[in-house]
Amino acid sequence: MLLKKLMMRKFQVFVLVLATSLFLIGYKSVLAQSPPTPITYGETLAGSIDAAGAEAVFLFDAASGDQITAIVSAADDTLDPVLDLTTFTRTLLATDDNSGPAGSAQITYVIPADGTYNLVVRGAGGTTGTFTISLEAGISQPTIEQPALDDSQTVNTEPTDSSPVGLEPRLQRIRIGSTVSGTLSGDASFNLYAFEGAADQEIAITPDPRTTFQPLLVLYDSSFTELARAQPSNALRISLPAADWYFVAAAIPELGVGGTFGFSVLDQAPAAQPALGEDELIYGNTVRGTITDAIPIVRYRFAGNIGDPITISMATVSGDLDAYLLLVDASGNIIAEDDNSGNNTDAQLSLELPSTSDYFIIATRRGQETGLTSGEFVLALTSSAPPRVGSVSRPPVPEEFVGLSTIDIGSTVTGRISNAVYQEFYVFYGEAGDALTITLEAAEGSELDPLLILLDQNRIPVDENDDDGDSQNSRLDVTLSQTGYYAIVATRYELAEGSTQGAYTLSLIRQGGSVEDVPPPFEQLNPIRVLAGDSPTETFTPLDFADVFTFSVAEGALIDFAVTTEDGTISTVIVTDSELNFVTASDNGVILAVTAPRSDDYLAFVAPQAGPIANVETTYSVTLSADIIRSNAEAGERIPITYGSTVRGTIDDEQPAIRYVFQGRAGDIVEISMTARSVAQPLDTLLILQDESGTTIAENDDINPGIVRDSFISIELPNDGEYTIVATRYSGTTAPITSGEFTLTLSVQDPIFSSVDRTADPIRYGETIRANINDDTKLYFFYFEGMQGDNISIEVQTLSGNLDAVMYLYAITSTGDFLLLTSNDDSPRGGTFDPYIEYTLPRTGGYVIAVTRFESPDSEPTEGEFSILLLKQS
């Protein structure tokens, strides 16, 4: 059966069309290698590395979950073997030099997906010699399904996270005012946190001093250019340069460390705080101290207002100190005390202040003066209320607002409106001239129709909003006319008479520019688009931390994404949807068989595994595969797909047609292939493409009438809009009605590929085929079936014109991908510019020959008629 998946391998086609002499020189090493040698479980084979830089490749088939062990041992003293495990298309999965017995190379690995894999043996440092290689397999490990997290399992309540259970989100979308936590360990050396920021907005990123691990904090803009960094235990304060998406990297400060951490991203008023006395604290301060027999008590003072929610933590960092905390008011009354509410023997107090007053924190030890423990401690005073000192303490909260919840400028809170509680109040203190934005948004899945009301300290309404534009959410942009207390009323449309209810998110932020100026994350990040078969190349540099790629796949697609670096640097890949909701991550540069949760444009963030402490500069390439297996649609349903999608279905009497819908733009060169999957009783496919009005704009029954019954459409789309693909079967008056499974592929091509003939013409041993290469068609494919060990020759002869042909031989993998085996420009036998290849086939299966013309910017393109002859040597 002929394969039409060639159009999915855009990179190989690109190489063929734009082949240059430099490219051919780059493949001399490929031509010099021996064909891959099959190896099976339980087998031990001998091999040799005969030249510096040479390699020996061994092929084996494996099932998902197979735990394999491969060992390469030198048979003489000259070879220092290195072993690589790769996919059939040479994506590196694992490598080893000397971890096996007696300095042998050994890899133990659990196979991620069914397919063919390579074991590649080479000599370290250019060494040569003979070796033996053995391959063993353990019991196949079961594949564990990874369901999506529900709301209770996400770290942040917004947006909803779709990461697999057990995999901590490595990228989270947060808001200014958020407090987050995470864990770094092993290869997971950094996490990313994304938020929208306004121009000139003053923010502070403050680590949680109560955690045992203090991360390095680094701030990046949407291009991942570093703006600032703070060493462990230090806060990062900055005025944001523009309305943009920003990323905080919480990272290990050095290799080999890690743990659980936390930090807050807070909006800071631009005015500086007054100077503090030696023992004075304000909210957000962290201090260090020491408890000894000579100094068993350390006292700190701070000013607070009634209702301020505070947390005081005292954590031991050295010695055997059993920390003890007391909170005392200005009259000497003990408000609260604690011994062991923190981690281990640490102390912690969390409460709301009972009055507006000065307070004293007593940091001591269990037993105080008579205690026996001593050591160094870290004390932190935190609150969602704004920082303040006694000399600028605010007036008392008005009686009308006493006992109500508080919210700080720059903070975000959540709540719920119900029939029992239809409104909630939040009090804040503002200065005359403060420009603020208040938003009240219904949570995902909530039926609430929000309504916002702002009251001054006399409970007189200042402003209100029901619907923000086309949204039912509410928003107020206000500039305060006087200094004092204000109350935000979070409620619903029609107040007590209303019927909607549900969870909400309330945000109070300071304007400095506006985050409304920030485009959606997908648009602002300007990601690099990669299609299935592409292999774009980028560079890691110390100042540009990460690159962002995008690809479009349909719901249910199995995503493979791999990163290969020039110098062996290991990379981290984080995949999210277009709204930055986390999907999956890998710290070895390879993501295999991850199911796309929805049809969307996905983002892949690629960075060095070591994170912000990496100081590397190296080029790398990425590759993408995205296939989908899906049951047929319900009657009348149209299945959404995207460029790069491959879907499967079944045409039969119950469902004679399936419709797929995609979004296209005017000028897109779209290619659609429909291939029958059964060889014995193949489906006679028929493809139809319709525009938004239902008008048929393209149709194909047979690629090659009477010979190739699969269908293929290539068309330039006339307009922006929605298009429908009808996958069905031919039903002529005399032809029998066929049924069966099919594979359908949708791809978009660059204009450069318009001169490629993607019909893979069958060619048999002993057969000669003629064709013409010119500006209209300059690339041909020929398909044949071969047996392992077949010694073949392929000869191209120019019959007319000045054609300078180039030829490539590909193997078709078990997953339908294409692997370049060898190529030739001018016959090695000499005397001609025509290509000639002799090769021993490495495995039984399908092969493709590609014939094009040599192209160089220094010479005019050649053209002419040629013949191709395929022979099996005796």
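Nothing fancy with the numbering, it's 1 onward along the sequence. Please read these numbers as outputs of a predicted model, since none were measured by experiment.
Side-chain N or O atoms of Asp790 include none that pairs as donor or acceptor with a backbone N or O of Ile792 at under 3.5 Å. At least one donor-acceptor pair under 3.5 Å links the side chain of Thr127 to the backbone N or O of Asp80. Ser800 places no side-chain N or O within donor-acceptor distance of the main-chain N or O of Gly864, the cut-off being under 3.5 Å. Side chain of Asp96 to main chain of Leu83: no donor-acceptor pair is present (N/O by atom type, distance under 3.5 Å, no hydrogens or angles). At distances below 3.5 Å, at least one donor-acceptor pair connects side-chain atoms of Asp560 with backbone N or O atoms of Ala593. Side-chain atoms of Ser621 do not come within 3.5 Å of backbone N or O of Thr537 as any donor-acceptor pair.
Here the closest non-hydrogen pair linking Ser673 and Phe712 is CB-CD1, 3.9 Å. Closest approach of Leu59 to Arg843, counting heavy atoms only: CD1-CD, 4.2 Å. Of all non-hydrogen atoms in Thr618 and Glu566, the two that sit nearest each other are OG1-CB, 3.7 Å. Considering all non-hydrogen atoms of both residues, Thr862 and Asp804 come closest at OG1-N, 3.0 Å. Between Glu43 and Pro38, the closest heavy-atom pair is OE1-O, 4.5 Å. Between Val796 and Ala805, the shortest heavy-atom contact is CG1-CB, 4.0 Å.
By the salt bridge (Lys or Arg N to Asp or Glu O under 4.0 Å) test, Glu767 pairs with Arg764, sequence neighbours left out. In terms of the salt bridge (Lys or Arg N to Asp or Glu O under 4.0 Å) criterion, residue partners of Glu865 (sequence neighbours excluded) are, by chain and number, Arg770. Remark: Asp587 pairs with Arg170 by the salt bridge (Lys or Arg N to Asp or Glu O under 4.0 Å) rule, at least two apart or across chains.
Taking 4.5 Å as the limit, every side-chain heavy atom of Ile769 sits out of range of all side-chain heavy atoms of Tyr780. Between Ile68 and Tyr41, the closest side-chain pair of non-hydrogen atoms falls below 4.5 Å. Counting heavy atoms from C-beta on, the side chains of Ser571 and Tyr620 never come closer than 4.5 Å. For the pair Leu821 and Tyr847, the minimum side-chain heavy-atom distance is below 4.5 Å. Within the 4.5 Å cutoff, side-chain heavy atoms of Phe549 are placed close to those of Glu538. By the 4.5 Å heavy-atom criterion applied to side chains, Val622 and Phe561 are counted as neighbours. Counting heavy atoms from C-beta on, the side chains of Thr832 and Glu795 never come closer than 4.5 Å. Between Leu841 and Phe784 the shortest side-chain heavy-atom distance falls below 4.5 Å.
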>> Checking Thr86 against Asp84 for the side-chain hydrogen bond (donor to acceptor under 3.5 Å, both in side chains) test, could you report, in this order, the C-alpha distance in whole Å, the side-chain angles of both residues, the deciding distance, and whether it holds?
In response: CA-CA 6 Å; Thr86 77; Asp84 296 335; over 6 Å; no

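A side chain to side chain contact (heavy atoms under 4.5 Å, CB included) with Ile868 is found for exactly one of Ile849, Thr768, Asp761, namely Ile849.
Annotation for Tyr836: atom OH counts as buried by contact number, over 12 foreign heavy atoms lying within 6.0 Å. A 6.0 Å sphere centred on CD1 of Ile713 holds more than 12 heavy atoms belonging to other residues, nucleotides or ligands.
Side chains of Asp567 and Thr569: a donor on one and an acceptor on the other come within 3.5 Å. In this model, a donor atom of one side chain and an acceptor atom of the other lie less than 3.5 Å apart for Thr798 and Asp834. At a cut-off of 3.5 Å, with distance as the only test, a side-chain donor of Thr69 or Thr108 sits close to an acceptor on the other residue.
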